[in-house]
Structure formats: C-alpha cells, structure tokens
Amino acid sequence: MRYSQAFIPTVKEAPKDATMPSHVLMLRAGYARMVGAGIYELLPLGVRVLHKIERIIREEMDAAGAQELLMPTFLPAEYFKESGRWDVYGPTLLRIEDRKGGEYHLAPTHEEIVTDLVRREVRSYRQLPLNLYQIQLKYRDEPRPRAGLLRCREFIMKDAYSFDVSEDAAQQSYADMRDTYHRIFQRLGLEYRVVEADSGAIGGKQSAEFQVLAQTGEDRIVACDRCDYAANVEVAEAGRAETHESGAAEPAALEKVATPDTRSIDEVVAFFGGKAVAADTLKSLLYIAGDQLVLAVVRGDHEINEIKLARHLGVGEVLLATDGAVREATGTEIGFVGPVGFEGRIIADPDAIAVANAIAGASETPYHYRNVNYGRDFEAEVASIRQAASGDRCPACEGRLQLYRGIEGGHIFVLGTHYSEKMSATFLDEEGKSHPFVMGCYGIGVSRLIAAVIEQHHDEQGIRWPLPVAPYEVIVTPIGKEEAPLAKATEIYGALRAHGVEALLDDRNERPGVKFKDADLLGIPIRLTVGSRGLERGTLELKKRTEAASTDIPVDDAVAATMAALRELRG
RNA sequence: CGGGGCGUAGCGCAGUUUGGUAGCGCGCACGGUUCGGGACCGUGAGGUCGGAGGUUCAAAUCCUCUCGCCCCGACCA
C-alpha cells in the first residue's frame with residue numbers, strides 16, 4: 001500500500017475521553033473511531049489486524065476439527081424464550097420489535113440458535129462429536145461500556161459449540177479446545193494465564209478463562225509463582241490460615257477502649273499507633289442476604305469476597321447493609337461494629353479467627369475492644385469468605401500467590417445438558433435410546449483482543465505490534481526531496497511485495513520527522529529508511545520497532561536482510 | 001442503577017464566577033521559504049456554544065428540563 005493513498009487518519013492529540021493506552025493509540029494511530037458509547041468503526045488498519053487475528057483463530061479451530069458456520073445476529077425471541085433467557089438476561093439483551101409488533105433481539109451469544117440447528121439436523125450418535133463455530137458480531141447492552149474496544153456493546157466474538165454423546169466425550173472436547181486456545185493465544189504474542197473462573201450466567205459446571213495480563217485489565221487474578229495454579233479472585237481459594245503473631249500469643253484480658261473517629265481499619269491502626277497493624281484487627285461488615293442480616297468478619301488487611309460469602313450462605317447475592325440498617329441492627333455506627341456480643345449469624349474467615357488478641361469494633365460508638373479472641377469472646381461459622389491476596393500460600397503447592405490484572409480474552413465452558421434438555425435437543429445412541437447432547441461452548445473476544453495486544457505491546461511513541469498481527473510487516477520510508485530515495489524505496493517496496501511481504505510505502509510528501517513519528521505510532525514491526533545520505537554510501541537503515549538502534553545494510557541486501565529480520569521476529 | 005466529571009471549530013482547550021463583538025493551539029486550504037525525529041512566515045475557510053424552554057433590552061454565561069459522553073463501584077468475550 002502506498003501511504004499517500006491509504007486512509008490512515010493519525011492525530012497528535014487523542015480525544016480526552018480515551019484513557020487507556022490501547023484506546024488512545026487506536027484512535028491516534030487511525031485504527032478505529034467511536035460512533036457511540038461502546039460502538040466503534042474499525043478503519044482499514046484496524047481491519048487488517050482483525051483479519052490477522054481471525055485468520056489465526058480459523059487456522060487453529062479448523063485444525064482442531066471445528067467447522068465454521070454463520071448464524072444470524074437478528075433473532076426471533078422464541079429461542080431465548082425456550083431456554084428461559086428471554087427473562088433471565090434482563091436489560092443486557094437488546095430487544096427489538098418489528099413492524100408487526102413481533103418480538104426480536106440482537107444476539108448476545110448463540111447457544112440457543114446452534115442447539116436448535118443441531119436438534120433439527122443431528123439425530124444419531126454417529127454424527128457426533130460436532131464442533132461448530134463462527135466469528136460474528138455480538139450485542140450486549142452493557143451497563144457500562146468503557147475502555148474503547150475492551151468493553152463494547154457491539155463486538156466481534158469467536159464462539160464455538162461442541163456436541164458430544166457423553167460427559168466423558170464432552171470433557172475431551174473441552175480439553176481439545178483448551179489446547180487449541182493455548183496455541184491461539186501463543187501465536188497472538190500474548191502473555192496470559194488460564195484461570196479457574198466463575199461460570200456466570202451461561203450456566204455450566206466447569207470453565208476456564210484465558211486472561212491476558214495487563215495492568216489495565218478489569219479482572220483480578222492470582223497465580224502461583226511455583227505451580228500452574230491460577231484463578232480469578234472471584235473464586236480463588238485463599239491461602240491456608242496463618243496465625244498472625246502480634247507479640248503475646250497468650251490471650252490477654254478483653255479491654256474496651258474509646259476510639260473516636262476511627263471508622264476505617266487504617267484509622268483504627270493509626271489510633272493505636274505503632275502497636276498495631278491492619279493484620280491485628282478484625283473487619284466486620286454487615287450484609288443483607290435474602291431476608292436475614294449476617295455479620296461477615298475477615299482480618300483487617302483482607303477483603304471480603306462477596307461471591308464466596310453468598311455461596312456459603314446459599315443465596316444469589318449479598319448486599320452490604322446501609323448505614324441506617326447497621327444502626328438499627330447493632331445500635332452503633334459503621335466502623336464500630338464487631339462480633340463480640342453480636343446477636344445473629346456470624347460468618348468468620350479462618351484467617352480472622354486465627355488472630356490472637358485482635359482489635360475489633362465494640363458495637364458501641366465510639367469504642368473498640370482490644371484482645372478479642374475467637375472462642376472466648378465470640379463464636380462464628382467459619383468459612384473462607386475473603387479474597388485471595390498477593391503473598392497468600394498457594395492452595396495447591398507450597399508456592400505463593402501473585403496478584404495480576406487481566407483482560408478476559410477467552411472463556412471455555414463445559415455446559416453439560418443445560419440447553420439441550422431445556423430445548424429437547426436429543427440424539428439416538430447405539431441402542432436407539434434418546435439422550436440430550438452434552439455441550440460445551442468456547443468464546444474468544446476477537447475485537448477485544450486487538451486492544452489487549454496493544455495493552456501489552458506499546459510504548460510512549462505508539463504501538464509495537466507482534467509480527468503475526470501487525471497490519472503491515474514492513475514500512476519503507478524514503479527521506480528527502482531528491483528523486484533517488486523515493487525511486488529506490490519504491491523499488492525495494494516492489495521487491496518485498498514480490499516476496500510476499502506486506503509492506504507500506506511512505507511516499508507522502510512529508511518531512512522525515514512526520515514520517516518517523518507516524519511509523520512509530522502505527523507500530524509497524526520493521527522500518528526501512530532510505531535517505532540520500534545513505535544511498536551515497538550504498539546503504540539504507542533497517543530498524544525494528546522494538547529496538548532503539550537501527551542497522552545500516554547495503555542497498556542490494558535490503559530484501560534479503562528484511563526477510564531475515566522477519567524470520568527472526570517470527571521466532 | 002449509585003457516586004464524580006465533562007459537552008464551545010475536525011482534535012485539545014480558554015471564555016461561564018461578575019450576562020454585552022466567540023477566542024487560542026493543533027489540524028485543514030492557498031502562497032512562499034524549508035527538508036534525518038511531529039518546520040517557519042503570510043493569507044484564509046471553518047462554530048445551531050449538546051438540545052428545548054424560561055428570565056432579560058441583551059444569554060456560551062443565570063434558571064428549569066432534557067440528551068450525550070467519560071471516570072469510579074454492582075455485570076461480562
């Protein structure tokens with residue numbers, strides 16, 4: 001492509017609404033533009049990257065025996081009504097009425113539609129296993145779209161659905177997809193972790209997330225520094241309880257201390273000066289779970305995991321009690337609530353009850369107790385209700401857990417017969433008996449991955465594409481107003497293209513600085529600079545986007561040297 | 001949905017407190033000088049001040065309503 005004819009609208013200043021690196025850079029470098037909140041158009045460069053990613057996904061999915069199809073995104077309501085999701089999905093489902101008043105919606109995912117297709121067309125165990133996938137637009141009216149392409153209301157997703165004769169066979173399909181996903185994420189040049197996850201609303205028994213590591217990610221995950229244990233903090237088992245030694249391990253006498261203006265753990269710790277740290281305190285929070293009020297207690301430096309708490313209580317969700325509710329239930333202000341003397345259900349984390357001579361709220365404003373000890377001063381149901389934290393012991397080995405932030409790039413599930421049973425999707429086995437298909441589903445946020453790659457591969461100057469997903473592999477940059485550089489650059493550009501290299505020729509009538517800045521911004525992995533100065537010596541410069549220095553190479557070796565550099569970048 | 005912030009030229013912003021001629025930088029067009037890390041000079045085009053209603057002789061500015069966008073929290077590829 002000749003840059004002078006390319007539609008690559010770069011800008012110096014990013015719109016103020018963009019905050020994350022990937023968002024800023026996609027806008028500045030002319031890869032994408034916003035149309036509405038969570039709605040983007042991909043410009044030519046963006047589409048080239050998209051196609052690169054899609055191609056890798058298709059190659060690996062096809063190699064795994066999956067078959068591509070294309071399902072509609074505009075759907076009659078009947079399928080979601082059949083599975084029950086028409087009601088369950090809530091406002092996230094974009095509903096549409098046609099001219100006759102018929103109910104429709106835009107597809108947020110396609111379990112029902114494939115299941116319907118398969119139940120109509122597949123009758124026999126001999127047609128199984130079957131894995132069908134598509135790369136398609138998806139629509140979810142997200143409560144809060146954000147961060148550019150990372151969280152959109154319209155996005156591109158690869159979704160695959162497997163159909164098997166048995167649970168065992170489905171486990172095999174799941175394992176195969178897991179392997180396939182590893183290959184895909186590796187080829188994309190991403191640093192990622194596979195983590196245990198909450199199956200969420202899709203309804204499944206087993207699932208794993210492919211989390212792309214990035215400081216800007218929305219998800220928090222923990223991973224062991226020794227073994228391959230990794231999990232979303234939502235579900236991560238916290239490390240085993242460790243008794244926190246705070247001086248005297250012998251229980252001392254309970255003591256009530258006036259502690260005005262100490263609402264937070266930090267303030268309590270500050271009040272007790274050098275004598276206490278957050279791990280010496282107990283954090284007590286009042287939750288509303290269904291129709292009951294429960295007190296959740298964790299160690300002061302730990303965070304409550306509401307998902308775990310809800311699970312322990314056997315309710316869908318728990319709500320933090322309001323100030324008023326706390327006052328009414330305990331007769332005290334928030335900040336002074338504690339387990340001692342609390343009349344009601346108390347759930348305490350193992351690490352909380354292990355604290356000797358703890359500081360905890362006295363359920364009286366403004367007092368705290370000192371030397372609170374579990375068993376003597378309060379009783380509780382003991383359950384792991386805290387979030388895993390950095391430094392926790394790994395639940396699987398002797399290692400320690402590290403905290404990361406991640407972008408959920410993929411999610412694979414064993415669905416079981418959830419949908420096939422609801423939708424009466426069955427096949428006949430060898431004996432002519434009818435069984436529901438055992439299903440799995442496997443998603444990859446394709447458009448999200450464009451942004452995820454940028455989050456991992458950029459610097460102050462711009463994007464630094466890994467070669468496999470770069471929109472162009474090489475940019476040839478003639479410098480100066482003389483004829484020679486442009487002529488030679490054009491010649492090399494032609495030769496590279498003849499060798500199958502995806503090249504961009506910056507034939508614009510721009511000053512060198514502009515061309516260099518744009519080349520860095522766009523993130524093309526290799527730049528060939530052709531200037532009259534070098535030509536006089538018979539050389540040009542080859543520079544990798546990831547390296548600061550360039551290399552002089554003989555003009556006649558330009559193509560060979562470039563091919564070699566590309567091979568090197570491919571690994 | 002709760003909390004916070006922002007809507008003025010394509011982009012970034014000032015002007016709003018204290019009503020009175022709509023401004024700056026970048027970008028864009030034209031002319032000239034430049035040409036190895038976002039050049040310089042000159043000329044010029046470009047704005048329903050998010051929208052509606054109100055107050056006023058007069059509204060970007062004050063009042064009411066409304067729409068949109070961003071950020072932080074509960075959901076998800």
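Contacts of A:A383 classified as side-chain contact (heavy atoms from CB on, under 4.5 Å), with partners at least two apart in sequence or in another chain: A:H312, A:I347, A:I385. Remark: A:R183 pairs with A:E60 by the salt bridge (charged side-chain N to carboxylate O under 4.0 Å, His left out) rule, at least two apart or across chains.
Remark: ring of A:F155 stacked against base of B:A77; centroid gap under 5.5 Å, plane tilt under 30°.
Checking B:G37, B:C76, B:C70 against the side-chain heavy atoms of A:E408 singles out B:C76 as nearest.
Taking atom CG on A:N509 and atom P on B:C30, their separation rounds to 12 Å, with Å as the unit.
Nucleic acid contact for A:D518: base, since at least one base atom lies under 4.0 Å from a heavy atom of the residue.
A:K12 has a side-chain polar atom (N or O) that falls below the 4.0 Å cut-off from OP1 or OP2 of B:G27. One finds no side-chain N or O of A:T92 lying less than 4.0 angstrom from the OP1 or OP2 phosphate oxygen of B:C75. Between B:A39 and A:R511, a contact under 4.0 Å exists linking OP1 or OP2 to a side-chain N or O.
Taking the six-membered ring for Trp and the full ring otherwise, A:F74 and A:H105 have centroids separated by 6.0 Å or more.
For A:E13 against B:G27, no side-chain N or O and base N or O form a donor-acceptor pair under 3.5 Å. Side chain A:R527 to base B:G37: a donor-acceptor pair is found below 3.5 Å.
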